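The structure displayed is predicted, hence computed values, not measured ones. Chain letters run A, B, ... following the sequence lines, proteins first, then strands; residues in each count from 1.
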Amino acid sequence: MADYNFREAEKKWQAFWESSQTFNAKIDPSRTKFYALDMFPYPSGAGLHVGHPLGYIASDIVTRYKRLQGYNVLHPMGYDSFGLPAEQYAIQTGQHPAVTTEENINRYTQQLKNIGFAFDWEKEVRTSDPTYYKWTQWIFMQFFNSYYDKKEDKAQAIDGLMKAFRENGNQGVEAVCDEETPSFSAGEWKSFSEKRQQEILLRYRLAYLAETTVNWCADLGTVLSNDEVKDGFSERGGHPVERKKMMQWSMRITAYAERLLKGLEKLEWSEPIKEMQRNWIGKSIGAEMVFQVKDQEVKIKVFTTRIDTIYGTTYLALAPESELIDQLVTKEQKETIENYILTAKNRSERERLSDVKTISGAFTGSYAINPFNNEEIPIWVADYVLAGYGTGAVMAVPAHDERDYNFAQHFGLEIRQVIEGNLDQGSFPGKGGTIMNSDFLNGLEMQDAMVKAIGFLEENQIGKGKIQYRMRDAIFTRQRYWGEPLPVYFKEGVPYLIDEKDLPLVLPEVDKYLPTEDGAPPLGRAKNWTYKTDDGEYPLELSTMPGWAGSSWYFFRYMDPGNNREFVNKDIQAYWEAVDLYIGGAEHATGHLLYSRFWTKFLYDRDLVTVNEPFKKMINQGMIQGRSNFVYRIKGTNQYVSYHLKDSYETTAMHVDVNIVYNDHLDLDKFKAWRDDLAGATFILEDGKYICGAEVEKMSKSKYNIVSPDDVIERYGADTLRLYEMFLGPLEQFKPWNTNGIDGVFKFLKKLWRLYHDQDGKLDVSEETPSREELKILHKTIKKTEEDMNDYSFNTSVSSFMICVNELSSLKCNKKAILEPLAIIISPYAPHIAEELWSLMGNDRSIVNASFPQFKADLLVEDVHEYPVSINGKVRVKLPLSISLSKEEIEKAAMENKVVQKWLEAKTPKKVIVVPKKIVNIVI
RNA sequence: GCGGAUGUGGCGAAAUUGGUAGACGCACUAGACUUAGGAUCUAGCGCCGCGAGGCAUGGGGGUUCGAGUCCCUCCAUCCGCACCA
């Protein structure tokens, strides 16, 4: 029997789309724009596996649907092509990362084109391309040339700040800057040397160089950002990471903390991702206050969210790293403290985190004065206090904080209750409660007590209300080769930007991709890595930018990728605005997704783009995991026993290549040919078959469970792959790849093809007018497709296509008036066969230019049926398919329904109540 | 510990958002057809029962004429954060 030749058809249409530039987007103010974006991939050496395209298929379906609705669609694809794996590979093989990256990109592109995506390849970007990173460097320069103006609550040009310094010094300036920035007058500013002025400006710049505590990964030879470290190990490769102080470039993202937090409210993102960003930003509202140390000139600043419990403070605790300890420790306690700090330091970061239960600490011997009641309270050192948060010191209120309570219990310190309620062990009055034992705060509720206590602090100038964020500034340098060079040179140890006309600052050649012998980054190996200015030749920065630099603005570059005068033309950007739908994994929640928002807000502040959020709506597709297959070798033999019989033997499970297993049945011949040592394998079968065991694991080469989309396409075609990935289940869910069901969707396509072909494979289409029944089948499907598109339920849409074709098939319907609209509605999902069908119906333009058909409600109202008969004097009528009808239409349809009419023969209804969209109540 | 999510046949999953639970697909069973295919078609397929019927959406309780869906509670699994004062 003749069958659908998907190989030929798919190649033909892919070539057609490419040659006719079907998907190339152009600005068209007469049409509404729609910008759909996928998180661009890092082109790894392993190529695409079937998990990668999941999100791309979803966005492709949406964009093809939007096109049918008349939207002007931008749907680009590109590559995040700077990164560690290419560099590690270069270290091992000596091959230039640019070469392997290029090869990988070519392979990825070929694989993506095979799936028939409606990407606008003209807009492709690659972050490692000098024409691209020229603008990454340019944007960095804008950060360097900006400061954060607190009055205006936005970033401003640094020139304005310099002007203010010249006129008034920095007293009146409200700008985000480093903590210890000294204050100076206009006269002092003018008297400063150039070097001194630059050093001060550096404390205000949004990209700045400073000594920072960083996550240093010795094995990778680079620093990592907080989101690249998991439990004290590097996210990539799992190498140990230590905290270390180093000179590093940073981005002042903390200046944007509040706006990043606020902006989340309006975004249509999934709640978990928003929550993760909120936690990462970590806003706490509280107060900062100063304790005077008794008999000394030392002050201790603490941050607390519970200033209302100030009268319950019975000790202060400092982080072991605190610089104050030296001054505070008394002679008697010196040895104890020194020993303690030593042990605390020797406990690695990881131990400290995982071993929360061990309580340790030491008394300094000194006392602080609580300014509220002039009580003397002991000052301790405790490693539950973190140096990196707040001021690195806490006021401990054991009665109302669990950690303070445990610490006080352990060392026998006083526990003083200041909130009414039962103070059982381990149960702490949380948010509410009336204050007691607290002098002028007595009788107040928490909120009022806080306000009054802060008032006291401010009156006496010993503190103030303060908002504290957990988020740190983002380290912006990596000691690696394969990244964007920073456009910075050093004069007298002070950083300066290179001239804009010298961009891009192209990555230099090096002999090896390793650090230099004296520990400098790989760029230290480059010859002539210097910058010439009128007054001399200066060394260039040796570090490169982190991976997230290029990916923090690529969504703008797609709009205007060829522009060599601007990073994006502002009119073009104003048309496309921002991304309407962003699809990608949830793993970038606190990395890429936060940095992109930060950069967008900055570019917005500097009037370079018209939007302040990059991604309006986002869907996080679930990962597709691998499904490994196993064979069971009888120990000491070359004999393999089928899954259900294995318990009768002593066996070892062995991973087997999933590509030679079908529906868990092993292909014996292919198995023997798989590896040399298996050529003589024998089998114990069940029912003549060898059944393999299976397990869900991550896809990886070593587990032989990688399924390449190329193989699936070779056997079933791209449309089947697309349909099947959608059919697997809800997009956002994690699920294992399992080819067991793929025959189902493959059959659907064959069945569809047979609808319009006769037994000999000749086209067989009728021009007859369709019956009401046939129309109903079609319009039911149109409706379902529309509804599913609104909530991204692609899996149920595929089901509805199957039902539609099954029903048409049983009616032997081959009418053009049905098939033509059917082709349109399935075209987002299975574009190749749809395009083929569309052209067979005599259309000479691509189906992409068709209009999505409108469903006819009147066809569907007939499905009215009654349920249940009567309750409380009401008849309820259910209208399953009439959801978008008007109230009157539903009412009319219900009243005309045969069952209802029959039921109402004897009785006249007093009132008909329509519950919108659902049920009709007829009261009698 | 805190926060978030999920829990439905042998399997992937539906359920018009409070209205016939299990659509659709896989697997399985029986049959048909045949130049024997990893092809196609027809029928069956939650559990118990010969049957009528009964029981079923992680467990228990509640609201309701009616609960997979809402409320309370417990259990399990997954994900994120984790001495953040």
### Lys/Arg-Asp/Glu bridge criterion (N-O < 4.0 Å) met for A:Lys735, A:Glu725
no
### Query
Pick the nucleotide of RNA chain B nearest each of A:Lys670 and A:Thr590; which residue has the one closer to the 5' end?
A:Lys670
### Task
Provide, to the nearest angstrom, the distance between the CG atom belonging to A:Asp788 and the C1' atom belonging to B:U16.
11 Å
### Query
What is the distance from CG of A:Asn790 to C1' of B:U16, rounded to the nearest Å?
14 Å
### Task
Please check the phosphate of B:A85 (OP1 and OP2 only) for any side-chain N or O of A:Tyr389 closer than 4.0 Å.
yes
### Task
Tell me which nucleotide among B:C24, B:C83, B:A39 gets nearest to the side chain of A:Tyr384.
B:C83
### Distance between P atoms of B:U16 and B:G10 (Å, rounded)
23 Å
### Task
Using a cut-off of strictly less than 4.0 Å, decide whether A:Lys747 has a side-chain nitrogen or oxygen near OP1 or OP2 of B:C26.
yes
### Distance in angstrom units between A:Arg306 CZ and B:A85 C1', rounded
11 Å
### Cationic N near anionic O, under 4.0 Å, A:Asp760 to A:Lys762
no
### Message
What is the distance, to the nearest angstrom, from the CD1 atom on A:Ile660 to the P atom on B:G38?
### Response
17 Å
### Summary
Rounded to whole Å, the CD-C1' distance (A:Glu321 to B:C83) equals 13 Å
### Query
Measuring from A:Ile777:CD1 to A:Leu811:CG, what's the distance to the nearest 0.5 Å?
4.5 Å
### Query
Does a side-chain N-to-carboxylate-O contact under 4.0 Å join A:Arg7 and A:Glu714?
yes
### Query
Expressed as a whole number of Å, how far does the C1' atom of B:G54 sit from that of B:U17?
30 Å
#### Entry: Rounded distance in Å between the P positions of B:C74 and B:A30
49 Å
### Message
Tell me the interatomic distance from A:Lys283, atom NZ, to B:G3, atom P, rounded to whole angstroms.
### Response
20 Å
### Query
Closest approach of A:Ser797 and A:Tyr829, non-hydrogen atoms and distance?
CB-OH, 3.2 Å
Write out a two-atom table: protein N or O, nucleotide N or O from nucleotides 9-13 of chain B, distance below 3.5 Å.
residue : atom : partner  : partner atom : Å
B:G12   : O2'  : A:Leu728 : O            : 2.5
B:A13   : OP1  : A:Gln733 : NE2          : 2.4

### Task
Please measure how far the C1' atom in B:G9 lies from the corresponding atom in B:A15, and state the result in whole Å.
15 Å
### Message
The criterion is side chain to side chain contact (heavy atoms under 4.5 Å, CB included); which residues satisfy it with A:Asn814, sequence neighbours excluded?
### Response
A:Asp764, A:Ser766
### Spacing of the C1' atoms in B:C26 and B:G19 (rounded, Å)
30 Å
### Query
Given the P atoms of B:G60 and B:G68, what is the spacing between them in whole Å?
13 Å
### Summary
Quick note, A:Val385 side chain, CB onward, closest among B:A85, B:C24, B:C83 is B:A85
### Reported NZ-to-OG distance for the pair A:Lys698 and A:Ser628, which is rounded to 0.5 angstrom
13.0 Å
### Task
Enter the distance from A:Phe855:CZ to A:Lys780:NZ here, rounded to the nearest 0.5 Å.
13.5 Å
### Task
Write down the distance separating the C1' atoms in B:U73 and B:A13, rounded off to the nearest Å.
29 Å
#### Entry: Spacing of A:Tyr716 atom OH relative to B:C26 atom P, expressed in whole Å
12 Å
### Query
For A:Asp404 and B:A85, what is the distance between atoms CG and P respectively, to the nearest whole Å?
11 Å
### Message
Strictly below 4.0 Å: does A:Asn806 bring a side-chain N or O up to OP1 or OP2 of B:G25?
### Response
yes
#### Entry: Value rounded to 0.5 Å, distance of CG in A:Asn370 from OG1 in A:Thr314
10.5 Å
### Task
Report which part of the nucleic acid A:Phe746 touches: base, sugar-phosphate, or nothing (heavy-atom distance under 4.0 Å, all strands).
nothing
### Query
Does A:Asp791 or A:Gly388 map to a spot on RNA chain B nearer the 5' end, using the closest nucleotide for each?
A:Asp791
### Message
If the glycosidic angle sits within 90 degrees of zero it is syn, else anti. Tell me which applies to B:G4.
### Response
anti
### Query
When the C1' atoms of B:G59 and B:A76 are considered, how many whole Å apart are they?
10 Å
### Task
Say whether A:Tyr384 and A:Asp404, considering side chains only, have a donor N or O and an acceptor N or O under 3.5 Å apart.
yes
### Query
Is any NZ, NE, NH1 or NH2 atom of the basic residue among A:Lys784 and A:Asp788 found under 4.0 Å from an Asp or Glu carboxylate oxygen of the other?
yes
### Message
Measuring to OP1 and OP2 of B:C41, would you say a side-chain N or O of A:Lys751 lies under 4.0 angstrom away?
### Response
yes
### Task
Kindly express the pairing pattern of RNA chain B in dot-bracket notation, using | wherever a base pairs with another strand and counting only Watson-Crick or G-U pairs under 3.5 Å.
(((((((..(((......[....))).(((((.......))))).(((....)))..(((((..]....))))))))))))....
### Message
Looking at every non-hydrogen atom in both residues, tell me the closest pair between A:Leu778 and A:Leu822 and how far apart they are.
### Response
CD1-N, 4.0 Å
### Message
Give me syn or anti for B:U20, where syn covers glycosidic angles within 90 degrees of 0.
### Response
anti
### Message
Would you say A:Arg754 places a side-chain N or O within less than 4.0 Å of OP1 or OP2 belonging to B:C41?
### Response
yes
